[in-house]
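Chain letters run A, B, ... following the sequence lines, proteins first and then strands; every chain starts at 1.
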4 protein chains.
Amino acid sequence: MRAVRRRRSSRDPQGTDARTRILDAAEALFAERGYDATSTARIARQAGVPKGLVFHYFPQKIDVLVALVDERTAVEELPEDAVEALPGDPAGTLSRLARRFPLRASPAMRRILFREAGTHRSVGERLGRLNGEVFRRARRALELALPGARGDQARLEVAAATFAAVLIYQENLAQLSGQHVDPDAVAELIAHALGA
Amino acid sequence: MRAVRRRRSSRDPQGTDARTRILDAAEALFAERGYDATSTARIARQAGVPKGLVFHYFPQKIDVLVALVDERTAVEELPEDAVEALPGDPAGTLSRLARRFPLRASPAMRRILFREAGTHRSVGERLGRLNGEVFRRARRALELALPGARGDQARLEVAAATFAAVLIYQENLAQLSGQHVDPDAVAELIAHALGA
Amino acid sequence: MRAVRRRRSSRDPQGTDARTRILDAAEALFAERGYDATSTARIARQAGVPKGLVFHYFPQKIDVLVALVDERTAVEELPEDAVEALPGDPAGTLSRLARRFPLRASPAMRRILFREAGTHRSVGERLGRLNGEVFRRARRALELALPGARGDQARLEVAAATFAAVLIYQENLAQLSGQHVDPDAVAELIAHALGA
Amino acid sequence: MRAVRRRRSSRDPQGTDARTRILDAAEALFAERGYDATSTARIARQAGVPKGLVFHYFPQKIDVLVALVDERTAVEELPEDAVEALPGDPAGTLSRLARRFPLRASPAMRRILFREAGTHRSVGERLGRLNGEVFRRARRALELALPGARGDQARLEVAAATFAAVLIYQENLAQLSGQHVDPDAVAELIAHALGA
DNA sequence: TATGAATGAGGATTCATTCAT
DNA sequence: GATGAATGAATCCTCATTCAT
């Protein structure tokens, strides 16, 4: 999570620093065609910077991917209970969680995470951590929303895992299978499964 | 869907014909490192055939992927009701569906489908069709298992879509997020959501 | 020491096989400008082959150097006493050794050996082995030529080492220092040092 | 031959000025890996100075090499007869010459001189001049040590040339051939060749 | 059908050098 | 003087693909 402030140099007429433009271009291209199919030359061209500059900031191509994952998929450091759980309203609670989703990642970044997770360890690890985070929040939200602890713990975990999967992968589920899975509808489904 | 029978040549000590060995090698490699990162030379080496032979069978590299998807992700032509739905037992019905899953695809092929779906139209289409098939079967199974039509149609569709997603992507969900989502448990969850 | 016979293909109008032409070109260029300053593209151009072919035969640039050293600096497998030592004529014996020098290496190869020995282990090792071979032959020749064992053993070794150095490095001594050191004259000098 | 005194700047915690540190780093690196294989960036890093500063002091990379050769291989301006020749003791005289060797060059600089002489005219010239200087001194020393002029002039020159070669290249002889050639022993050998 | 040499476009990466600050 | 971002030519190497045998 870089916070270095970069000054606008005279060589930067676009007003965004070169490093950021490189990451922007890479994000769009990796999402569209995949990491391997995207050449560094193309990233540079789309970013409007000379080829060499990509390597000035990112010594290896893989470092571009790593930087994207590091800097653009940060899990917000929300207080655990930032999403106010409404006792008796698990569906609404999950829906709110979905909306205040802690994953600060563009649809493009999600596609990248998803696609490259299987082949690049660091990406896979990050995706695993994100999934775990969402899972834990969902479980906690459900526990708070269902104070009577109706429904055993095991089922609650299955519910949380299912919801996390749908939430994280919705982007890809939609694109790959051509079918939208609406998180709100799933939230409602799950609430029914757990509730009265 | 090829069914051509190939004779065993004298150069084929493994007892499998060259074309099959090429596809086997490609399946393993594409799953492990992705299509773009796998060279035709490597496929040939792993298959134990000369480089030129790959192009004898598959004029272009992409044809290897297409053949894999065509020949190794076939949706079985099951009769619609091959999975006997037990009225009153939606959970069991879904579980049986999961077990008699119509997708004849190795874990490796599922990873390939999944990974390349976003960048190769033909793969994406195939995945979409598979997902649709599973979705339709799940919906039909639920309709039969819940004859009273309790729960409206919309919720039933959400349930079928969720179940299809978990079923198709379980391979990847497990691998990517490090968390198993047991189809049987999800079946039970969904049954609760729809049932009494 | 390759002995593979290469057929003359129709694509080889020069009548020398491509691999040999690549090595010829590399030998000349490495000797003239050094290994690092010689690009693979230039080798290919001078050899009259496409760039890619260099890497077909030599997966890495360094392999070209290694092949040169392996195949073009072979120590002849002469019987130990192939150079007939004339008792009483150490000078003549050394001169004959110099002329029937066991190092089958062009002046170009000697310059390459010399220059790259310090930075490429395999080259350095080969040079060391060559030097050792020449040293041992010179010592043996002197022992045979001076049967009375006049002059102690230590001095004889110094003589052999000095002669080996002059013999192996004459190419470079001449070029680098602009001064020829005639092996025959050194042979005569050494004979005087050891003889009556 | 620079003699400019450089002040110690506040950015120079090592207490050596930047220019000197650059040359020190270059000397070590050129000796270890060769001129071509050493990037200016690496020199800067090893010297602990920013990349730009290298080009401030040395407008071109080659200027670093030239400066090293100019400033660090100086032939001492000894009076011709600084090495007292002892008539009748040529071995001792040569040994003393070797010890009071006029070449002020570190082992590293000798390796550089040696390696780059063949490809960089200025280095080659300097090496030639050094070799000539040592040769002339050795010849003069021998003439003085052997007043009777026994041994003809031609043999004396061969002796001087051989001794100069051993002296100048001992560093490399040892390193490359793994065999030490002791200058004192060679001096003694040569004395025998010329003396009674 | 089988084989591997041949081809050249393209890709990642390096690097000397410039220059605004 | 000091700094490091910027530049683009050049380098090593990969690879799909062709083709003569």
key: E:dA9: pairing nucleotide in any strand, Watson-Crick or G-U under 3.5 angstrom   = F:dT14
Base-pairing mate for F:dA20 - Watson-Crick or G-U, with both contacts under 3.5 Å = E:dT3
remark   = Of the candidates E:dA16, F:dA6, F:dA16, the side chain of D:Phe55 sits closest to E:dA16
request  = Consider the side chain of A:Leu53, meaning its heavy atoms from C-beta on, and name the nucleotide among F:dA5, E:dA12, F:dA16 that approaches it most closely.
outcome  = F:dA5
Quick one: [X] [atom1] to [N] [atom2], roughly how many Å, whole number?
| X | N | atom1 | atom2 | value |
| --- | --- | --- | --- | --- |
| D:Leu65 | E:dA16 | CG | P | 13 Å |
| A:Phe58 | E:dT14 | CZ | C1' | 18 Å |
| A:Arg19 | F:dA6 | CZ | C1' | 16 Å |
| D:Ile62 | E:dC15 | CD1 | P | 16 Å |
| A:Arg45 | F:dT7 | CZ | P | 16 Å |
| C:Ile22 | F:dC13 | CD1 | P | 14 Å |
| A:Arg42 | E:dA9 | CZ | C1' | 16 Å |
| A:Tyr35 | E:dG11 | OH | P | 14 Å |

query = Can you list the steps and then say if B:Arg19 with B:Phe58 is a side chain to side chain contact (heavy atoms under 4.5 Å, CB included)?
reply = CA-CA 9 Å; B:Arg19 188 173 182 281; B:Phe58 308 98; 3.9 Å; yes
query = Between A:Asp36 and C:Val49, which has a closest nucleotide on DNA chain E that is more 5'?
reply = C:Val49
query = How do B:Gly52 and C:Lys51 order along DNA chain E: which one's closest nucleotide is nearer the 5' end?
reply = B:Gly52
Please check the phosphate of [N] (OP1 and OP2 only) for any side-chain N or O of [X] closer than 4.0 Å.
| X | N | result |
| --- | --- | --- |
| D:Gln60 | E:dT17 | yes |
| A:Tyr57 | F:dA6 | yes |
| C:His56 | E:dA5 | yes |

ask   = With a 4.0 Å cut-off on heavy atoms, is C:Lys61 in touch with a base, just the backbone sugar-phosphate, or nothing at all?
value = sugar-phosphate
inquiry  = Need one value for A:Thr40: base, sugar-phosphate or nothing, where a base atom within 4.0 Å counts as base even if backbone is also close, heavy atoms only.
reply    = base
ask   = Salt-bridged, B:Lys61 to B:Asp36, with N to O below 4.0 Å?
value = no
Donor-acceptor contact present, side-chain C:Arg115 to main-chain D:Thr119, <3.5 Å = no
key: Side-chain donor or acceptor of C:Arg21 paired with backbone N/O of C:Thr16 under 3.5 Å   = yes
query = Do the side chains of A:Tyr35 and A:His120 get nearer than 4.5 Å, heavy atoms only?
reply = yes
task = For B:Pro59 and for C:Ala37, find the nucleotide of DNA chain F with the closest heavy atom, then tell me which residue's nucleotide is more 5'.
result = C:Ala37
